[in-house]
Amino acid sequence: MAQAEYVDATTEKKKTSEAVLELQEVSVLYSGKPAVKKVSCTIWRNRITSIIGPSGCGKSTLLRSLNRMNDFVDGVSIEGNILFVGQNLYGDAVDPVEVRRRIGMVFQKPNPFPKSIYNNISWGPSINGYSGSMDELVERSLQQAALWDEVKDRLQESALNLSGGQQQRLCIARALAMEPQVLLMDEPCSALDPISTAHIEDLLFELQSRYTIVIVTHNMQQAARVSDYTAFMEMGNLVEFGETDQIFTRPEKKRTEEYVTGRFG
Amino acid sequence: MNDPANNSGLSFSIHKGVTRWGETGIKFWLRICTAISLFTTIAIVVLLLVESFGFFREVSPIEFFFGTRWVPLLKPSSYGVLPLLWGTMLITVGAAVIAIPLGLASAIYLSEYANDQVRAWIKPVLELLAGIPTVVYGYFALTFVTPALRSVIPDIQVFNALSAAIVVGIMILPTIATLSDNALRAVPVSLRQAAYAVGATSYEVTTSIVVPAGLSGVMASFLLAISRAIGETMAVTLAAGQTPNLDLTLLESIQTMTAYIVQISLGDTPSGGIAYQTLFAVAAVLFAITLMINVISQWILGRFREVYD
Ligand SMILES: Nc1ncnc2c1ncn2[C@@H]1O[C@H](COP(=O)(O)OP(=O)(O)OP(=O)(O)O)[C@@H](O)[C@H]1O
Ligand SMILES: [Mg+2]
């Protein structure tokens, strides 16, 4: 398994990490039209990787291919390999349901189930045969998502009564309750106000030591603030991938520099 | 034309200039049309009530609602509506037992499993099924369903409730399938994605997320179909016959409320007599039941809208 030596002295992250997802020349095509073209990179354990790039460049498409959510899109096909701790994610013997149990996802718009707050969290673990104490799991997940204090007295109320920011944190808690190996987030803050966004960014820092996170964002400061690695995509191509610090201060490619400094056109 | 950006003259009036006659005329016409349909409905209800009132001056409501014999045309006459209600209920329950599971299953298949090509030909077929005149279903029951049943159950009567219930079930199936399909498809895709993303199988997504989320629309489709079954006339008259019957049997001839109304309307019952007035009393009961079901289904649909606003 690949090992990476951190060289960033400023952030004290001089630890080795192992590869959780390895993308090898991954292309994703919609009815034969490529939306992601030969992307190769590695997602490291317990690190936050952000994907940035202009609208329509294939960020969501790439993200969805990491937990096989693309399977539900008509006419989608995938080329290349994605290794999930060494196993081919698209191998013949792979059960996509198992994949999604281990690689969770938080969507752009909050999408709580029309169920109680409690059941929003407990449904996933219960259908997957969770045998521990459900009350504890619900509390722990809500605490990790920094929502517990706001909802602990109304767990049986409908999740639809929560505010947008609370709903999104509930969706994060729901994903965390599955104790996933990887958490994919597609612009999780785009529908939120600055305060809720700050909440969720704090949350990402908290989670980072225990979870591997891949986050798509349009917000350059957010990418710079929260992530260890950054991938810059343009028109389906991965233009540059590297440590966030390097991407934002010493990008190797001209296009990257133009994009991160806002002189993109 | 003035370029509004360069328009420096800021003097204009926001008061009424010309009266827009076209608009006024259209508004008038629309009001008339609304008034006509409103008036018709009120007139029917009033007629039903007035004639039923006449009926209840002759026959006590106790006899009508609790009597167990319906012999309005022969002496000694008896005006217990229960056999007719029972006949309607047998057909309706029988049809619902057939159509609800099949209809819901088709709806789930259409909305959750079928791809676009399959939907593209199944939906029109279902709509075609819904467009077949009901008399054809009655004929189909008499000439096909009953003979087929007889080969399995030899002592089934020529006119029988079972065959009527089966064809009414087939008749209301498209209503349930298409309306439930619409209700299930109205459940946002994002909910399904959320469910798949926590490792649910498509069976779990359907049963615990999609169907509960669309449940009010699905229930409303059941109620609408049931109210169609209750009001169904030609097929049950042809297939189930004209014999008021209060037995728990599907193999014999029965009479529904609608079939009784056909019988009286087609016969030469003189208008004004008590036999003629039974028509309105029965129709009023039928109307009350269907109205109640429609009100309930509207109420359920109203709740459904609340969820997604
Ligand atoms: N279901 C689909 N069918 C066909 N083409 C699609 C589909 N989804 C996305 N595409 C196309 O694939 C390309 C990449 O889309 P994608 O949603 O991955 O972009 P994105 O980088 O996430 O954009 P945004 O920042 O606006 O969310 C776009 O050209 C888009 O039109
Ligand atoms: Mg996107």
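Note: hydrogens, waters and symmetry copies are ignored here, and every other heavy atom, side chains too, is used. Owing to the predicted nature of the structure, the values given are computational and were not obtained by experimental measurement. We name chains A, B, ... by the order of the sequence lines, and we start the count at 1 in each one.
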Exercise. Where do A:I127 and B:E204 come nearest, in terms of heavy atoms and distance?
Worked result: CD1-OE1, 3.4 Å
Problem set entry | Segment of A:R174 engaging chain B (4.5 angstrom heavy-atom cut-off) | both
Exercise. How about A:K109: does its NZ atom have over 12 heavy atoms from other parts shown lying under 6.0 Å from it?
Worked result: no
For this session: Applying side-chain contact (heavy atoms from CB on, under 4.5 Å), name anything that partners B:I26, two or more places apart in sequence or on another chain.
Result: B:L30
Seminar exercise, completed: The interface call for B:S208 against chain A, heavy-atom contacts under 4.5 Å, is both
Seminar exercise, completed: Ranking B:D116, B:I209, B:T201 by heavy-atom pairs under 4.5 Å to chain A gives rank one to B:I209
Exercise. Heavy atoms, side chains only, cut-off 4.5 Å: are B:V187 and A:P114 in contact?
Worked result: no
For this session: Name the region of A:P96, side chain, backbone, both or neither, that has any atom closer than 4.5 Å to a heavy atom of chain B.
Result: neither
Exercise. Is the CE atom of B:M219 crowded by more than 12 outside heavy atoms at less than 6.0 Å?
Worked result: no
Exercise. Between A:M105, A:M69, A:E98, which has the largest tally of heavy atom pairs under 4.5 Å with chain B?
Worked result: A:M69
Problem set entry | Whether over 12 other heavy atoms sit under 6.0 Å from B:R20 CZ | no
Problem set entry | With sequence neighbours excluded, residues passing salt bridge (Lys or Arg N to Asp or Glu O under 4.0 Å) with B:R185 | none
Seminar exercise, completed: If one checks every heavy atom of A:F113 against chain B at 4.5 Å, the contacting part turns out to be both
For this session: Tell me, yes or no, whether the heavy-atom count around B:K27 atom NZ, taken from other residues, nucleotides or ligands under 6.0 Å, exceeds 12.
Result: no
For this session: Using non-hydrogen atoms and a 4.5 Å limit, figure out which bit of B:N115 sits close to chain A: side chain, backbone, both or neither.
Result: neither
